[in-house]
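Quick caveat, the model's predicted, so the values are computed rather than measured. As a basis for the values below, the full set of heavy atoms in this structure was taken, side chains included, without hydrogen atoms, waters or symmetry mates. Indexing begins at 1, ligand by ligand and atom by atom, following the structure's order.
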Amino acid sequence: MLNIKKRIAEKIIERVKAINEAAQIDTAELMGMLEYPPDANMGDLAFPCFKLSRTLRMAPPKIAEAISDGFELDCVSNVSAVNGYLNIKIDNGYLGEVILPEILDKKESYGAPTYLGEGKTVVLDYSSPNVAKPFHIGHLGTTVIGHSLKKLHEFAGYKCIGINYLGDWGTQFGKLIVAYKLWGDKAQIEEGGIDKLVELYVRINNTIKGDEEQGIEARPDLADQARAEFHKMEIGDEENIALWKWFVEISLAEYEKTYKQLGIEFDSYKGESFYTDKMPAQVERLREMGLMKIDDGASIVDLEEYGMPPCLILKRDGSTLYPTRDIAAAVYRKNEYKFDKAIYVTSNQQILHFKQWFKVVELMGYDWYDQLVHIPYGTVSLNGAKLATRTGNVVLLKDLFALAIEKVKGIMAEKNPDLANNEEVAEAVGVGAIVFYYLTNNRIKDINFNLEDALSFDGNTGPYVQYTYARTCSVLEKVTENYGGKVVITSDEEAALLKTLCQYEERVLTAIRDYEPSTITRFILDVAVAFNKFYHECSILNAENNDVRGTRILLTEATRYVLGSAFSLICMKKTERI
Ligand code: ARG
């Protein structure tokens with residue numbers, strides 16, 4: 001549609017110049033003024049003429065009439081002036097002869113605005129769980145929003161580096177080591193994986209705190225021990241380092257399973273531990289620049305002037321903090337990847353943290369501070385489904401996925417009991433349902449998961465759109481002959497489908513501009529609705545003649561490309577059968 005909009009805009013400008021030669025309007029600006037009318041009867045695009053009434057010193061209805069006079073363009077079949085609006089109808093023939101072949105030619109790269117990112121690099125920091133703490137549904141946001149943003153940027157021609165900034169350093173490892181030495185069992189952990197580590201972690205925390213109700217006395221001494229064990233790690237104690245590596249390995253193996261279900265791979269797993277030796281130089285720079293103040297023994301950067309609490313750099317005992325590491329990591333990444341943009345995806349609870357250390361980077365004189373972007377999202381909760389967890393109140397991501405997969409299997413056993421590779425399909429549909437449901441909302445909104453809704457096959461769900469994709473595949477599977485013929489668009493449904501498909505590029509641009517994967521989710525729904533309407537209203541394989549049949553098959557193929565491409569942008573796997 002962008003190309004169509006551009007040509008319409010140029011034509012409007014040409015007409016405006018005919019009214020007043022001196023009028024100055026830029027094509028891009030004018031393209032931005034074109035609207036999609038709420039009601040298709042009003043046309044496919046509308047141009048509100050009141051925006052020009054000042055420039056032209058004319059009343060909007062007069063402008064609309066003057067522009068529509070002699071407005072001729074091959075991609076437009078009709079223009080009408082209504083109440084100061086120019087209503088524009090796109091030509092069906094053009095859709096069939098120009099848009100459809102373009103989609104078929106570009107296949108899954110149709111709609112890719114590769115001019116946007118050409119020669120530019122983006123690093124994306126996302127998922128980044130804290131090792132040995134539970135990987136819970138709160139991590140769904142950073143993981144799928146982060147990966148979608150990566151896919152979107154890649155689609156737009158950027159070189160992308162996905163970084164899993166593992167929380168693999170810190171006093172929690174001291175705690176884990178103490179717990180392991182007290183209660184751990186090597187074989188059990190090797191067998192039970194991360195769950196056993198989380199168990200140990202939960203147990204040590206509970207023991208340190210104690211539990212009055214249960215008459216368990218608090219053991220704060222264990223916290224001191226944990227600090228000592230972590231200190232040993234910091235000075236390279238072999239035994240502790242070996243334990244730490246083992247804990248990280250076990251955790252990673254577990255995360256990988258979840259990432260694989262989502263089809264996610266990272267380019268780097270440099271976690272917090274990697275930056276240990278990179279922090280002193282930045283701390284030194286802060287000190288030299290006179291940016292650091294001592295406050296109650298701790299070193300801070302005062303941000304009062306900017307309306308924020310101070311950014312903590314060093315604790316009283318000289319140890320570094322979360323912001324210190326983020327600053328060092330950003331400097332390292334800038335040097336390593338020469339990024340044009342660095343995106344961090346975390347929950348909205350970290351908004352202040354990012355604002356603070358971004359400011360510190362600016363104060364440190366790094367002129368790339370404005371290339372740092374924090375993308376927050378709302379909280380995720382779950383009700384309706386009671387998930388038994390071994391770890392207290394949190395719902396583990398893998399348990400949520402497992403439950404969704406199991407439910408899909410149940411549905412499939414009823415609907416399509418003979419399906420081959422049903423394990424694979426159930427995983428794609430189950431996990432896809434969760435992802436889709438999650439990404440239907442604006443990212444900043446809090447969301448409450450309802451598994452029944454997410455898994456429903458009707459409604460605006462993952463299973464519904466995956467079913468639609470499978471439908472395109474099953475139609476195409478039945479076609480054996482060569483179906484190239486003359487393209488003829490003979491119905492509103494066919495035209496409406498093409499008009500939806502050709503909005504892809506615009507939607508991708510909006511999604512990138514707003515860092516909002518839900519734009520793509522909604523686009524997928526629009527395509528699915530338009531395709532299903534077409535499918536129900538127009539007979540495809542039994543169409544009245546060969547040209548109509550061929551055209552409808554091509555439309556189905558075009559839909560399959562666009563849906564498949566859009567699915568991959570939101571980390572949803574496609575499945576040819578359901
Ligand atoms: N590990 C952190 C957490 O789970 C998220 C890290 C986000 N990335 C960053 N560069 N701070 O809260």
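Regarding atom 3 (C) of ligand 1, its nearest protein heavy-atom neighbour is Asn130 ND2, 3.6 Å. Nearest protein heavy-atom neighbour of atom 8 (N) of ligand 1: Asp125 OD1, 3.1 Å. Among all protein heavy atoms, the one lying closest to atom 6 (C) of ligand 1 is Tyr322 OH, 3.2 Å. Scanning the protein heavy atoms around atom 10 (N) of ligand 1, the nearest turns out to be Asp326 OD1, 2.7 Å.
Residue-ligand proximity: Gln350 is placed with a non-hydrogen atom under 4.0 Å from ligand 1.
Atoms of ligand 1 lying under 4.0 Å from at least one heavy atom of Tyr165, given by number and element, are 8 (N), 9 (C), 10 (N), 11 (N). Numbered from 1 in the order shown, with element, the atoms of ligand 1 that lie under 4.0 Å from a heavy atom of Tyr344 read 10 (N). Near Phe354, with a cut-off below 4.0 Å to any heavy atom, the atoms of ligand 1 are 9 (C), 11 (N).
Checked for salt-bridge contact, Glu336 and Arg333 miss the test: no charged N lies under 4.0 Å from a carboxylate O.
Ligand 1 has no nitrogen or oxygen under 3.5 angstrom from a nitrogen or oxygen of Thr346. Geometrically, ligand 1 and Ser128 share a nitrogen or oxygen pair separated by less than 3.5 Å. Residue His139 places no N or O, backbone or side chain, under 3.5 Å from any N or O of ligand 1. Residue contacts with ligand 1: His353 is placed with no nitrogen or oxygen under 3.5 Å of a nitrogen or oxygen of the ligand (distance criterion only).
If you look at Tyr126 next to ligand 1, there are no close heavy atoms at all, none under 4.0 Å.
Residues Phe247 and Tyr201 place their aromatic rings such that the two centres sit no closer than 6.0 Å. For Tyr165 and Tyr344, the distance between ring centers is not under 6.0 angstrom. Checked against the 6.0 Å centroid threshold, Tyr126 and Phe266 count as a close aromatic pair.
In terms of heavy-atom proximity, Thr461 sits nearest to Leu525 at N-CD2, 4.3 Å. Across every non-hydrogen atom of Ala454 and Pro463, the tightest pair is O-CD, 3.4 Å.
If you check the side chains of Tyr259 and Ser127, you find a donor sitting under 3.5 Å from an acceptor.
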_Working note: Tyr332 + Gln282, criterion side chain to side chain donor-acceptor pair (under 3.5 Å); need CA distance, chi angles, decisive distance, verdict._
CA-CA 10 Å; Tyr332 173 85; Gln282 301 311 317; over 6 Å; no
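Side chain of Gln356 to backbone of Pro310: a donor-acceptor contact under 3.5 angstrom is found.
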